[in-house]
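Read through the structure below, which is laid out as structure tokens, and then see the notes.
Because only heavy atoms are used, hydrogens play no part in the values below, and waters and symmetry mates are left out as well, while side chains stay in.
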Amino acid sequence: MKAQGHGTFQIEKRYRHRDGSIVWGRLSASAIRAAPGEPQLAIGVVEDITQRPFQKQLERSRGHRYRLIADNATDMIWTAAAEGIDRLPERLAAGSLDRVAEALMAHLRFTYLSPSVERLLGYTVEEAAALGPQGLLTAESFQAATSLLADELAIEARGSEDPRRQRVLEIQHTPKGGGLRWCEMTATFLRDENGQIAAILGVTRDITQRREAERALRASEATFRGLIENMPDFVVVVDTAGTIQFTNRGVGNASMEDLVGQEGFGFVKPQLIFVCGYTF
């Protein structure tokens, strides 16, 4: 029994329904007094709360399931907030976007980190939380993240974009054992019941191998292009429609830029086209 005030009580108890089933109800009762004098009568209301315990259990179950997913994810899942983020509209109105973004980033702290941070960067959750975003990123990447936040604050001030929008940024982290690790960060704002920014939700994925493969591919392409461009032979690459896509040198008064995009071999003598085996 819970006393709610002078002469007012609440009781949660089981009741027997007309069909014989048991339901939970909350009885709220108040005494009506004659002033001055003893209570003359009581008035009460019984509220059916049968489903409420099951709803709470379901919410706990859902929360546990989401936590299991986050804790066992390969990617690093995190949330972060900064002091004063709940007063963001006021701060945006009072100061420049760049200064507000810099202040938020300087005080940004993790409020949740998935255990995968240890596989990704070598830090325990506690170590990574103590370092914060600024301690885990290179100086250049931290500045890039700050600039991205400033852009998002500008969008927020206009109020013209989807509040559930996401931004993707490739940034470098500094693992515990040294070196650098490239990651792709996808971030979005978490909002309160009034739609105001309350925190940042992010997913960080290791793309170091992908970046290395892209770098190796670019190096290979540069090497191949260098070989082709310096060959003594005239090399032309055309698509299935006969449009020139690449050539390693110009012909006559036509430069390489002039030739790319031309249809067919209009600049080549007919007898040479025959020798090459092309017919148009």
Side-chain angles (χ1 to χ4, degrees), residues 63 66-89 91-92 95-123 125-175 180-211 214:
Y66 294 151
R67 186 66 179 244
L68 281 176
I69 293 172
D71 285 352
N72 291 279
T74 301
D75 298 338
M76 184 175 78
I77 301 173
W78 52 270
T79 57
E83 183 180 355
I85 199 170
D86 56 332
R87 296 182 285 104
L88 195 53
R91 300 181 67 179
L92 292 177
S96 73
L97 297 176
D98 290 340
R99 286 201 297 270
V100 173
E102 289 171 1
L104 287 175
M105 288 295 293
H107 296 90
L108 200 64
R109 296 293 180 268
F110 291 117
T111 54
Y112 170 76
L113 272 169
S114 61
S116 52
V117 64
E118 189 163 3
R119 293 193 296 270
L120 182 65
L121 299 176
Y123 296 105
V125 170
E126 292 75 16
E127 290 171 336
L131 288 170
Q134 189 166 5
L136 296 180
L137 295 172
T138 64
E140 295 80 5
S141 291
F142 186 78
Q143 184 56 50
T146 303
S147 298
L148 179 65
L149 179 59
D151 292 342
E152 283 299 304
L153 293 181
I155 295 173
E156 192 70 18
R158 293 196 301 269
S160 57
E161 298 290 336
D162 183 356
R164 297 168 298 178
R165 64 189 180 274
Q166 295 181 338
R167 293 293 297 271
V168 180
L169 182 66
E170 293 188 1
I171 49 180
Q172 280 185 309
H173 286 74
T174 53
L180 295 173
R181 190 173 297 278
W182 276 101
C183 295
E184 180 183 81
M185 178 191 70
T186 303
T188 188
F189 289 130
L190 292 177
R191 300 176 184 272
D192 61 19
E193 62 276 8
N194 298 316
Q196 299 300 320
I197 297 173
I200 301 173
L201 167 65
V203 178
T204 301
R205 173 171 296 177
D206 185 1
I207 59 168
T208 304
Q209 291 185 349
R210 190 185 80 188
R211 294 276 302 205
E214 291 172 350

> Of the non-hydrogen atoms in L149 and A101, which two are nearest, and what is the gap between them?
Replying inline: CD2-O, 3.9 Å
>> Regarding R191 and E156, does a basic nitrogen lie under 4.0 Å from an acidic carboxylate oxygen?
In response: yes
> Atom CE of M185 and atom CG of L169: how far apart are they, to the nearest 0.5 Å?
Replying inline: 4.5 Å
>> On a heavy-atom basis, which atom in A80 and which in T111 lie closest, and how many Å separate them?
In response: N-OG1, 3.8 Å
> With distance as the sole criterion, is a donor-acceptor pair present between the side chains of W78 and S114 under 3.5 Å?
Replying inline: no
>> Does R205 have more than 12 heavy atoms from other residues, nucleotides or ligands lying within 6.0 Å of its CZ?
In response: no
> Between S116 and T74, does any side-chain donor sit less than 3.5 Å from a side-chain acceptor?
Replying inline: no
>> So which atom in E127 and which in G122 form the shortest heavy-atom distance, rounded to 0.1 Å?
In response: OE1-O, 4.3 Å
>> Quick check: do T174 and L180 have side-chain heavy atoms less than 4.5 Å from each other?
In response: yes
>> Measuring only between side-chain heavy atoms, which start at C-beta, is F189 closer than 4.5 Å to E152?
In response: yes
> Do R210 and E170 have side-chain heavy atoms sitting under 4.5 Å apart?
Replying inline: yes
> Does L136 reach the side chain of F110, with side-chain heavy atoms less than 4.5 Å apart?
Replying inline: yes
> Is there a donor-acceptor pair under 3.5 Å between the side chain of S141 and the backbone N or O of I171?
Replying inline: no
> Do you know which two heavy atoms are closest between A198 and A81, and how far apart they sit?
Replying inline: O-CB, 3.9 Å
> Hey, does the side chain of T188 reach the backbone of R165 with a donor-acceptor pair shorter than 3.5 angstrom?
Replying inline: yes
> Who are the salt bridge (charged side-chain N to carboxylate O under 4.0 Å, His left out) partners of R158, not counting sequence neighbours?
Replying inline: none
> Can you tell if the side chain of D206 reaches within under 4.5 Å of the side chain of R119, non-hydrogen atoms only?
Replying inline: no
>> Could you check whether any side-chain N or O of T186 sits under 3.5 Å from a backbone N or O of V168, counting only pairs where one atom can act as donor and the other as acceptor?
In response: no
>> Let's go through Q172 and L137 carefully: what are the C-alpha distance in whole Å and the side-chain angles of both, what is the deciding distance for side-chain contact (heavy atoms from CB on, under 4.5 Å) to 0.1 Å, and is it a yes or a no?
In response: CA-CA 6 Å; Q172 280 185 309; L137 295 172; over 6 Å; no
> Just wondering, do M76 and L113 contact through their side chains at under 4.5 Å, heavy atoms?
Replying inline: yes
> Listed by chain and number, what are the side-chain contact (heavy atoms from CB on, under 4.5 Å) partners of E118, not counting sequence neighbours?
Replying inline: T124
> Donor-acceptor pair, N194 side chain versus Q196 backbone, under 3.5 Å?
Replying inline: no
> Is a donor on one side and an acceptor on the other found under 3.5 Å between the side chain of R181 and the backbone of L120?
Replying inline: yes
>> So, taking the atom named CD in E102 and the one named CD in Q143, what distance separates them when rounded to the nearest 0.5 Å?
In response: 6.5 Å
> Atom CG in L104, atom CZ in R99: separation rounded to 0.5 Å?
Replying inline: 13.0 Å
> So, T79 side chain and L201 main chain: donor-acceptor pair closer than 3.5 Å or not?
Replying inline: no
> Quick one: CZ on R109 to CG on L131, what's the gap to the nearest 0.5 Å?
Replying inline: 10.5 Å
>> With rounding to the nearest 0.5 angstrom, report the CG to CD1 distance, L108 to I200.
In response: 5.0 Å
